[in-house]
Amino acid sequence: MTRIFNDPSDFAEEALAGFCDVHANLVRQVPGGAVRRHRPRQPKVAVLAGGGSGHYPAFAGLIGTGLADGAVVGNIFTSPSAQQAYSVAKAADSGAGVVFTYGNYAGDVMNFGLASERLAAEGIQVDNVLVMDDIASAPPSEASKRRGIAGDFTVFKIMGAAAEAGEPLADVVRLGRKANDLTRSIGSAFSGCTFPGADAPLFTLEDKMMGLGLGIHGEPGLFDTELPPARELGQELVARVLAETPHGAGQRIAVLLNGLGSTKQEELFVLWLTVAPLLRAAGYTLVMPEVGELVTSLDMAGVSLTVTWLDDELEPLWTAPAETPAYRRGNAGLPGGEAEEPALAEDAAAPESFAAADASRDYARHCVAALAAAREALHDAEKSLGDLDAIAGDGDHGRGMVRGIDAACAAAAGAESRGAGAGDVLAAAGDAWADNAGGTSGVLWGAGLRAFGESLGNDQAPGAAGLAAAVASFTARIAELGKADVGDKTMVDALVPFTETLGRLAGEGAGADAGWAAAAREATSAAQATAALRPLKGRARPLAEKSVGTPDPGATSLAMVFTVFGPHLAGVNIEGVRQPAGARS
C-alpha cells in the first residue's frame, strides 16, 4: 500500500514538489509539471514526456541532458490537462519547437492534441509521438490501438538523444516513431496497486497466481494463470515478444526488464538469467540492456519485458550519454552552451470582466446550484464509480470526476460573483474541469460544458428549446473529441438518449422540466444497459470480457450528473427567473 501521504487528493502535487526540491540542480517546477533547470543558449527541440503520476521514474525522473527537456505531470494514472501540457511546453520551448511523447491513451491523445493546436496557433512548431508497445492490448492488425507501457522509456531515450544532438523537429519525430514501430512489450502482475488513501488495491489475484498482459494504470492482466517458476515466466515473456518481431528487423536489440513498483531488483536479476540467454540463443546481440524500475505502477508487484530492434540510426541514440535524476548513462554532464534558467513572467492579468443581461445573470445562479448538486452527488458516489472503473480500467473515474466538479464549482461561483451570465459561468466551469481533472473524462466534460455555455450565451434565460440546443452542443463537442458511438460502452451511450429525448419532447411542446426529467430517466436506463456491452473504446477495451456485466462508469456518472442538474437547469421557470421579451422558447 501507499502509506505516506497527507490528503490523498494532494499526493501527486506534493510528490512532484518534493522531487523538484530534491533535484533542484537538474529540474525546476513549472505549472503543469517540470522542466530542465538550465536552458540551451542555442535553440534545440524540446522533448516533453507526459502522462499521469504513479509511474516514477517516468516521467519527471527522466528530465535531463540526453533525455527529456520536461515532463507534463497529471494526477495519479490520469492524463494531464491541455492547459498543463501547454504551460510546460511554453516553459521548455527554446525556439526549435516541441514534441510531446506519451503512451497511447485516449485522455492523453485528446489533451496533448488540444495543447498542440493552441501552440501551433501561436506559431510554435509542435508534434506528437505516441508509444504503442503493449502487444497484449490489441492484435497486430490493430497495432494503432495498442497502449504504451515500458516501451515509453526506450522511445523517450532515442528522441531525447536525437534532440540533444541538434536534430530538427521533423527528424526527432521521425526517429521517435521509428523506435515505436520497432518496440514490443509484454507485462505480468503478481498483485495490484493501491491508490493513496484507498483501503484495497485496484485488483487482486489469488495466491500463487499472476495476471498476464497488465497495464501500467493499475489495469489487471488480460487473463490470470498460475505463477510459474522464474525460468518458465522468462520463457513466456520472451516467446510472446519474439513472436511479434518486426518485419526486416536486425539482430541488435535494446532490452529493458522493468519492475512495476514492488518487485525486488534481485528478483529481476533472477529472471534475467532466463531472458538474456534465450534472446542470445535466438541470435540477438543485447546492446546496453537495462534491468530495474523505469516505468512503474505505484506499488504494483510485476514485471515487463521490452525489446527495441536497433539499426545503424537508432543504436547510437540508444547508447548516447544521459543524465537525469533517475537515470544516468555515460558522462553527459551539462553542455557548455547551456545557460541559467530565465525568470518566470509574472501573471499580471486583471480579473476578467463580464457583460450579460439580467435574465442570464439570474439563470447563472441556477447553473451554479446545478453544479453544486452534481458535486454532492459525485462525492457520494466517488467510491462506487471507482469500483466500477477498476473492474476493467484503472479505478480513477470517481476521483477524476470529483476533482473536475470541485474545480468547476469553484470557477463557476467565482465567475457568477463577478457578474457573469450563464454562458460564461458554464464556460469557466468547463475550463476548470478540464484543467484540474485531466484524463479522458476531464477533457470531455470540460469541452462539453464550455460548448453548453457557448450555446446558452449571456443574453437571456433558456426555455425548453434553448436547453435542448445547449445539450445538443454539449453532445456534439464530446462526439467530435471522443470519436465514440452508441454501443461503444462509453458516456455517449447515456448522453445520446438523453439528448434525443430532450430534443424530441421540446419539439413537441413539452415544458423544460418535464422534458429534462424524461430524458434523465432514459439516460439512467441506458447507462444501466451498458452492462451488457463490450467496450470498444478507452482503457477498458483490452479487458472487454471482464467489463461485461458491469455498467460503464462514464455513462453512469453522466446519467447521475444530468439527473441532479434537472431541477436547477430545467425547473427555473417555476422559480421565477425573469424572461425578457423575445426570449428563446
Side-chain angles (χ1 to χ4, degrees), residues 81-83 114 118 349-375 404-405 407-437 442-481 495 498-499 502-503 506 512-513 515-516 519 558 561-562 564-573 575-585:
S81 70
Q83 176 61 35
L114 291 172
R118 184 175 174 187
E352 186 177 4
S353 59
F354 299 99
D358 287 344
S360 185
R361 286 194 174 112
D362 285 345
Y363 189 70
R365 296 199 317 273
H366 295 277
C367 295
V368 171
L371 291 166
R375 181 180 186 275
I405 192 62
C409 282
E416 188 271 333
S417 71
R418 299 195 301 276
D424 284 334
V425 161
L426 289 176
D431 291 347
W433 191 315
D435 191 26
N436 287 271
V443 67
L444 293 177
W445 271 98
L449 281 175
R450 170 165 272 283
F452 196 116
E454 290 172 349
S455 177
L456 288 183
N458 300 294
D459 296 331
Q460 54 196 355
L467 272 179
V471 170
S473 295
F474 180 102
T475 304
R477 185 62 174 138
I478 284 178
E480 176 189 0
L481 282 173
L495 179 56
F498 183 97
T499 307
L502 183 62
D513 52 348
W516 193 287
L558 183 285
V561 169
F562 270 44
V564 299
F565 272 180
H568 305 282
L569 296 184
V572 295
N573 288 337
E575 295 182 31
V577 170
R578 293 190 295 272
Q579 292 283 337
R584 282 175 284 186
S585 61

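Only this structure's heavy atoms are used, side chains among them; waters, hydrogens and symmetry mates stay out. Here, residue 1 is the first one in the sequence, and each next residue gets the next number.
A donor-acceptor pair under 3.5 Å links the side-chain atoms of Arg418 to the main chain of Gly414, judged by distance alone. Between the side chain of Thr475 and the backbone N or O of Val471, at least one donor-acceptor pair lies under 3.5 Å.
We find the CG-CD distance between Asp424 and Glu454 to be 9.5 Å, quoted to the nearest 0.5 Å. With values rounded to the nearest 0.5 angstrom, Phe354 atom CZ is found 10.5 Å from Glu416 atom CD. Distance CZ/Phe498 to CG/Leu558: 8.5 Å, rounded to 0.5 Å. Remark: Leu569 CG to Leu371 CG distance equals 8.0 Å, nearest 0.5 Å. From Ile405, atom CD1 reaches atom CH2 of Trp445 across 7.5 Å, with rounding to the nearest 0.5 Å. Atom CG of Leu444 and atom CG of Leu449 lie 11.0 Å apart (nearest 0.5 Å).
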Step-by-step side chain to side chain contact (heavy atoms under 4.5 Å, CB included) determination, Tyr363 to Val425:
CA-CA 10 Å; Tyr363 189 70; Val425 161; over 6 Å; no
Does Phe452 form a side chain to side chain contact (heavy atoms under 4.5 Å, CB included) with Leu467? I'd like the steps, not just the answer.
CA-CA 9 Å; Phe452 196 116; Leu467 272 179; 4.1 Å; yes
Apply side chain to side chain contact (heavy atoms under 4.5 Å, CB included) to residues Asp435 and Asp431 and explain how you reach the verdict.
CA-CA 6 Å; Asp435 191 26; Asp431 291 347; over 6 Å; no
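Between Ala420 and Ala364, the shortest heavy-atom contact is O-CB, 3.6 Å. The two residues Ala432 and Ala411 come nearest to each other via the heavy atoms CB-CB, 3.5 Å. The nearest pair of heavy atoms linking Leu456 to Ala470 is CD2-CB, 3.8 Å. Closest approach of Gly419 and Ala356 over heavy atoms only: O-CB, 4.1 Å. Taking every heavy atom of both residues into account, Ala428 and Ala415 meet most closely at CB-CB, 4.2 Å. Nearest approach of Asn436 to Ala407, heavy atoms of both residues: ND2-CB, 3.4 Å.
Aromatic ring centres of Phe562 and Phe474: separated by under 6.0 Å.
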